[in-house]
Each structure stands twice: as C-alpha cells, then as structure tokens.
Amino acid sequence: MRTDHCGTLRASDIGRRVSVCGWVARRREHGEHLAFIDLRDHTGLIQCVVDGAHDLRSEYVVRITGEVRSRPEGTRNDNLATGEVELGECEVEILNSAEPPPFQLDERVEVDEMVRLAHRYVDLRTDRMQRNLRVRAKVNGSLRRAMDDQGFVEIETPMLIASTPEGARDFVVPSRLSPGSFYALPQSPQLFKQLCMVGGIDRYYQIARCLRDEDLRADRQFEFMQLDAEASFVSQEEVLSFISVAVAAAVREVTGEELGDVPRMTWHEARERFGSDKPDTRFGMELIELTPVFAATEFNAFKASCIKGLRVEGGAEFTRSRLDDLTDRAKRWGAKGLVWMRVRADGELDSPVAKFLSADEIAGLVVTTGAVEGDLLLIVADERPAVCHVLGLLRLELGRPPVTEGGLQFLWVVDFPLFEALDDDNNPIPAHHPFTMPHADDVHLLDSADPQDFLKVRSQAYDLVLNGWELGSGSVRIHRGDIQKRMFSLLGITDDEAQEKFGFLLDAFRFGAPPHAGFAFGIDRLVALLAGEENIREVIAFPKTQSGHDPLTHAPSTIDPAQLEELGLRLLPVRKD
RNA sequence: GGUCCCGUGGUGCAGUUUGGAGUGCACGCCGGCCUGUCAAGCCGGAGGUCGCGGGUUCAAAUCCCGUCGGGACCGCCA
C-alpha cells in the first residue's frame, strides 16, 4: 500500500511519486481548493497539499499518493524533520473514518492517565508512547544479543508452577483437572534456573515475565519483565561482569553512550552514607555521622545509640510549617522526632533545642557538618537502622532531582548482610532467599553461640542500582547440602518443612549441583529511566492502575457461575470491615 | 493496613481559602469564510449530574461527614 513512511521523506526524495499511509494529525483548510494535511505514522509527520479536505477529519486513516516536492521559499518548517518538503498533486484515499479522539494527541498538555489508559490504543499513537515502546524493544533486543554473545542459552520456564508461600504473595490459578488445587504464577524463575544449572545448561537467561500480588507503585506492577540469568562455575565477579556487559549494551543501543565501569559500594557504606540500600548517587546531601559529637550529651533526645544528620544547603529559608511537615513525615517514617536547626548569620543555631546543647556540642556540630550561614541541619537520634532509614527518605524528599537530570548513575551494591534481623525466637530473618551463599570469611559466624553474630554475616548477594531505583539483585547460591542444611536450621526451618517447600530443589542438588550464581533485573525500570519516565506504566503497552485494574479491558472481572462450578469453587461474601 | 494530594462541558485549567444564578480561559468538536498554512486565521454555534450520597444553610462547585475513582509515598515486595 505504501512506498515510504511519513517521517522519512527528505529533500533527496524530491521528484519521486510516493504513497504514504497513516492518520490525519491536523488539517489546515484555506478555502475550497487548498488544504494542508499533516499525515502521521510511527516515523513522524509529512505535510500533504490537497485540493479540498472537507471530508477529512482528525484521525481518519488515509493513503495519500503524491509527488515529493520542495516547499516554496519561506514556507519551510524547521520544527519538522520533513519540513523541507511536502507532498503535492495528492490523491487521497480514505481507508477508514474515525470518531474524534477522546483526548488530543499532541503533547501540549498532560492528559489524565485514566483517560489515556481507557483508550490506550489511541494513546499508543502519541510520540511519547511510540518512542517509549521502541526504546523498550531496543533494550530487549540488545540484552538478548549481549547474553547470546556471552554464551547464555535462552530457556523458557513455566508460567504455571507450584505455589511457595515464601516471599511475595502469589497469584494463583485454580486447576480444573484437580479441583481444589492451584497453580501459582511465577514470582521469578528462581528455582527453575537453578535446576537448569544442575541440568548442565551452564549459562541460562530469559527475558522473563514475573508476577507478584503486592501493592503497586510508580516502579511496581503486578507483572513485570526481568532479564533473568544464571551461570555455573562462576564467581560473583563474573556475574557482575556478565550483567554489566548486558546493561552497557542496552545503554549504548538507546543513548549511544558508553557506560564504563560501574562503581561499587558495600551495603554498609550505602546505608551509612545514603540511608538506603539503593542510593541515588546523582546528588550529595549525604548522611553525616554525629554520634561522637553527642557522646556525653545532657540532652535527653540525643541520648541514643546513633545520631546522624543532613545538611540542607539554603534550607534556613524553610518556613516553620514546612519544618513541621518534615517533622511529621519523619515521625510517620518511624523516627521518634526530628531536630531542625537553622544556621544564622552569626553562626548561631536557631532551633527549639539549641538551649539544651553545650557550646562544645554546637561547635562540634558546626565543624562536623560543615554548616554555613543559610543552611538547615536535620538530625535524628535513635537506633542505627531507624536513623539511617528516616534520614535516607528525608534526603530523597529534599534533594532528589527529576528523572531526566543527573545522568545515569549505575551502582553495584555488594556485601549485603545474610540476615536482616532476628525474629522473636532469635532466629535470623534472611535478607535474600535462603539459598544465598554466605561470604567465605564470615561462614564461621554461623556457628556462633551469640545470635547477634548472625547479623554480622555478609552474603554473596549484590544489587544493581540506577538513580536510586533497585534494578535487580542476585547472589551466589548455596550448592552444597551441608551448608544448605545449616542455613535451614538457622532459619528455624525443619527438615520436613524444607523438604515440603523446596524438596524438588534439594533433591536435585543431591545429584550433582555445580557451584552457580545469578542475577535478575527489572527491564521496565531500566527502560523507564532510559526513556526519562518517572513511572514504569509509561513504558508498558497495557499497564494497570495502582489498584490493579485495567481501565481498558476492565480486568479483573467476575466470571460465569458455570466457570466456578467447573473449577469446584464457591465465592464467599465480600468482606466489608 | 496507613499518610498525603487530586476529581469542574470531549481535553487541560481557573473558580473552592472568604457560600450568593454553571461564571471564565485555552484546546478540541460542529457550521460558515478563507489559495501557503504548519499549535493556521477570522466569524458563529453546540456541549455541564462541578465524581457520587448525605448534612449544615434562605442559598453549596465552595463548608462538614461518608463513599467511589485516580495518583505519590510508608508498610509490604524472601
């Protein structure tokens, strides 16, 4: 039907008679016998000069055949890639009419997302969605090529699997042939890729759909795509290298830029400096250690095991209500309180608590934070994890740049702790999954009589972070039965429970499991940041709203009683608490 | 489970603080004029359950309560 795409015509095409197909983006009529039609396809716009356009309307689907010619002097449009030329002597064939679109497709205004999603098929025609989905396709393609080139084998793992109650909530699917039994949709291909290692695949990857029934966010959907990979006979170093190569390929494909070496930071350093295990390193405003400054304080609120602060440049201008608001937020995030101090011209501190501090403490505070006139100091005192957490959130609140600023700051966070805390029975709670290999230097601590020692055990687990978003994580896995048994016993999982939950994996490991390690990262998140979007819905063709609904298809929906009957299901009344 | 923000012709907003007739702006839509525009221009027109329900009041888009929908975040996401 067509010889060319709209957005590709240039001066070098002048004289050719071409056919283009697309949608009527705009119509400019100048009387009965002259009108300009901007025709749009996924490549862009071309102006077509037609003899009368009264029967053409917005978004009509047309085929236009005409001669590419130079625009008359003085009528070129520098804002258009095709602005030097136009189609003349046009023959217009209407392929389909269209109702006026439910919203305007030019991007002069931000249209309500519900309206866009309810008519996503129209929304997809916008430059923004066309660009984002094509960025996504480029990323997928370059990741595939990079993994292929590194000797990884693409293997598809099942979508209908057994439910394992660990981790995120499963989506479940009732079984028709086994009424009362359910499949689960995979949260990740984790166990299958480890089985692939036992199966001698050596290097596996998959662009895998993963599903988790947890609350949605700007960076979280029920279903999302991961580059999932696992390799045998490799160390952590090699995994970081494989993934770095793949990510670099995607970045190169989209931006044309070379990524270079991805910096590393230990989990401990990330928490202490940024109050997060996924630090946004596009900006400073790091957490400042103040515990020694107030080691001997008489101020009760500062008699805590950890005191840290933030220096907000220019923050002395914050109004009292803004400071009260920050204090409220800090409390909601789990702080006992938030101490603020405005640094005045004379070096004095303007703060409700200044009178409780000694001259030495104030002097130490100013020196340690480097505070100068006009700054604001925000200080939290509490247990160390809480202090870091709250200040980390405040730091983001006050300093985080827009998504399109600050470049792409990738970061490997390494040496995660094996356990994040102890439960009420002093059993450690795993920070990752229970198959994560402890750091070789820390294995001896697993035999310690003091449960507190468990929290010091580092694991061979690592995260890839981009601009403060966790892109993904991975680990070296436990491949030996004796270490795995020790781990289960530490976690308070009995042999019977372990067998019931992970029996097929443990069985497999008895038949010759190679040392292996892997990684998985979220493609939606990577694409969103590469596309300059704050929200992964903008890079997903048909996403769901925060409540998990699809305004286009109206999923989730009720099903026919006959379907329930066939599945052996009966519904309970909806609970309204 | 929680905190906060938003909801006004098809779209995007203003109006809400301080109650007074569905008032205004821009875009779009429909009709007319217009032979070089390109966010075309000019003239005319249509289009509204101010999310929904209740309350206060002589009077509610506006104040109060509830509810629904959307968004951001905390919890959650091994």
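Letters go in sequence order (proteins before strands), and every chain restarts at 1.
In this structure, A/P102 reaches the sugar-phosphate backbone alone: every heavy-atom distance under 4.0 Å involves primed, P, OP1 or OP2 atoms, never a base. Counting any heavy atom pair closer than 4.0 Å across all strands shown, A/E397 reaches no nucleic acid atom. Note on A/R537: only backbone sugar-phosphate atoms sit closer than 4.0 angstrom, heavy atoms only; bases stay farther off. Nucleic acid contact class of A/S547 (heavy atoms, under 4.0 Å, all strands): sugar-phosphate only. Across all strands, A/R69 comes closer than 4.0 Å to base atoms (heavy-atom distances).
When the P atom is compared between B/rG51 and B/rG7, the two are found 8 Å apart, to the nearest whole Å. Remark: the separation of the C1' atoms in B/rG48 and B/rA72 is 30 Å, to the nearest Å. Comparing the C1' positions of B/rA59 and B/rU18 gives a spacing of 16 Å, expressed to the nearest Å. Comparing B/rA61 with B/rU8, their P atoms sit 15 Å apart, to the nearest whole Å. Nucleotides B/rU62 and B/rG15 are separated by 15 Å at their P atoms, to the nearest Å. On the C1' atoms, B/rG31 is 15 Å away from B/rG47, given to the nearest whole Å. Comparing B/rC6 with B/rG12, their C1' atoms are spaced 14 Å from each other, to the whole Å. If you take atom C1' in B/rC34 and the same atom in B/rC42, they sit 8 Å apart, rounded to whole Å.
Distances from the side chain of A/M114 to the nucleotides B/rA72, B/rG75, B/rG70 place B/rG70 closest. Among B/rG31, B/rG36, B/rA72, the nucleotide with an atom closest to any side-chain atom of A/Q546 is B/rA72. For A/W333, whose side chain is taken as the heavy atoms from C-beta onward, the closest listed nucleotide among B/rU3, B/rC76, B/rC74 is B/rC74.
Contact annotation: A/S58 reaches the phosphate of B/rC29 (side-chain N/O to OP1 or OP2, under 4.0 Å). Close to B/rG28, at under 4.0 Å from its OP1 or OP2, lies no side-chain N or O of A/R26. The phosphate of B/rU37 (OP1 or OP2) has no side-chain N or O of A/R28 nearer than 4.0 angstrom. Proximity of A/N77 to the phosphate of B/rG36: no side-chain N or O atom is located under 4.0 Å from OP1 or OP2. Considering only side-chain N and O atoms, A/H389 lies under 4.0 angstrom from the phosphate OP1 or OP2 of B/rG75.
Within 6.0 Å of the CZ atom in A/R27, the count of heavy atoms belonging to other residues, nucleotides or ligands exceeds 12. Other residues, nucleotides and ligands place more than 12 heavy atoms under 6.0 Å from the CZ atom of A/R10.
Among residues at least two apart or in separate chains, salt bridge (Lys or Arg N to Asp or Glu O under 4.0 Å) pairs with a member in residues 465-477 of chain A are A/E230-A/R477.
You cannot call A/H30 stacked on the base of B/rG36; the centres under 5.5 Å and planes under 30° rule is not satisfied. By the stacking rule of 5.5 Å between ring centres and under 30° between planes, A/F36 stacks on the base of B/rU37.
Residues satisfying the side-chain contact (heavy atoms from CB on, under 4.5 Å) test with A/R458, not counting sequence neighbours, are A/D415, A/H439, A/D441, A/D442.
Between A/E99 atom CD and B/rG28 atom P there is a gap of 19 Å when expressed in whole angstrom units. Distance, A/D328 CG to B/rC5 P: 12 Å, rounded to whole Å.
For RNA chain B, the neighbouring residues in residues 207-218 of chain A, judged by any heavy atom under 4.0 Å, are A/R212, A/E214, A/D215, A/R217, A/A218.
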